[in-house]
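Notes for the one structure printed next.
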Amino acid sequence: MLKWIALVVVLTVVVVLVLAANRPGTFRVERSLRIQAPPERVQGYIEDFHQWAQWSPFEKLDPAMQRSFSGVEKGRGAVYAWEGNGKAGAGRMEILESDPRRVTIALDFLKPFKASNTAEFTLVPRDGGTEVTWAMFGPVPFVAKIMHLFIDVDRMVGKDFEAGLANLKALAEKG
């Protein structure tokens, strides 16, 4: 009986490892929303990390989160770092590019796990407003591939992007 249990366990581990090995080496999560405001106004809320507390759902994960700002005030070279509870974790963001059509951010998570990704906001003028797409993408190391077998990152992060874009919409449309 123990041999059969050991065999089932070994086969399960092998199947999980084979499935993980065949997963993509990169990921991308994105959501879009039309905002009835010009791209420059929307960009102003994105390229200034001081404004994120007004619209980013990640800012609400830990009311006691420690935040620091460095580099330039806003736009390319602005840096934002945070350290919070287990839910908020710790990390750092730096704006690499900012213009009325795109804001690109280097996003480095330190806790609860280390990861380096890119966050990107694209802003496309459309019918007197702006089509805003919030995306995050990056590499998926092997251990993360195993986790992705059991966790739907698109659904998990996507709902936060949807909430953040809705908050951004309300803020930008208010003026």
Are the charged groups of R67 and E83 less than 4.0 angstrom apart, N to O? no
Once the angle between the rings of W134 and W52 is folded into 0 to 90°, is it parallel (under 30°), tilted (30 to 60°) or perpendicular (over 60°)? perpendicular
On a heavy-atom basis, the closest approach of N85 and K87 is OD1-N, 3.0 Å
D154 with R31: basic N within carboxylate O range, under 4.0 Å: yes
What distance separates L168 CG from F161 CZ, expressed to the nearest 0.5 Å? 12.5 Å
Check: E40/Q43 side-chain N/O donor and acceptor closer than 3.5 Å: no
Between E30 and A135 the two heavy atoms that sit nearest each other are CB-CB, 3.7 Å
Grab the two heavy atoms, one from F109 and one from N117, that are nearest each other, plus how far apart they are. CE1-ND2, 3.7 Å
Can you tell me how far the CE atom of M65 sits from the NZ atom of K60, to the nearest 0.5 Å? 9.5 Å
Closest approach of I46 and I95, non-hydrogen atoms and distance? O-CD1, 4.4 Å
Nearest 0.5 Å, please: how far is CD in E120 from CG in L96? 10.0 Å
Show the numbers, then the answer: is there a ring-ring contact (aromatic ring centres under 6.0 Å, His included) between F49 and F69? CA-CA 8 Å; F49 287 133; F69 303 92; 7.4 Å; no
Heavy-atom distance under 4.5 Å between the side chains of Y45 and L171, does that happen here? yes
Measuring only between side-chain heavy atoms, which start at C-beta, is V79 closer than 4.5 Å to R92? yes
Where do I35 and L165 come nearest, in terms of heavy atoms and distance? CD1-O, 4.4 Å
Side chain to side chain contact (heavy atoms under 4.5 Å, CB included) evaluation trace for N167 with Q54: CA-CA 8 Å; N167 294 341; Q54 297 182 70; over 6 Å; no
Distance from Y80 atom OH to S70 atom OG, nearest 0.5 Å? 12.0 Å
Side chain proximity check, L107 to M136, heavy atoms < 4.5 angstrom: yes
Ion pair check, D108 and K114, cut-off under 4.0 Å: no
Do V72 and E47 touch side chain to side chain, with heavy atoms closer than 4.5 Å? no
Answer yes or no: is there a side-chain heavy-atom contact under 4.5 Å between V153 and V29? yes
Contact check, side chains of P39 and R101, non-hydrogen atoms, under 4.5 Å: no
Count the heavy atoms belonging to other residues, nucleotides or ligands that lie under 6.0 Å from NZ of K111, then report whether that count exceeds 12. no
So, do T122 and V132 sit near enough that their side-chain heavy atoms are less than 4.5 Å apart? no
Parallel, tilted or perpendicular for W55 and F121, by the 30°/60° rule? perpendicular
Starting at OG1 of T133, measure out to CG of L33 and round the result to the nearest 0.5 Å. 9.5 Å
Nearest 0.5 Å, what's the CD-OG1 distance between E173 and T130? 9.5 Å
Would you say that Q51 contacts K74 through its side chain, given a criterion of any heavy-atom pair below 4.5 Å between the two side chains? no
Smallest separation among heavy atoms of L123 and R102, with atom names: CD1-N, 3.9 Å
Between the side chains of R76 and E97, is the shortest nitrogen-to-carboxylate-oxygen separation below 4.0 Å, so that they form an ion pair? no
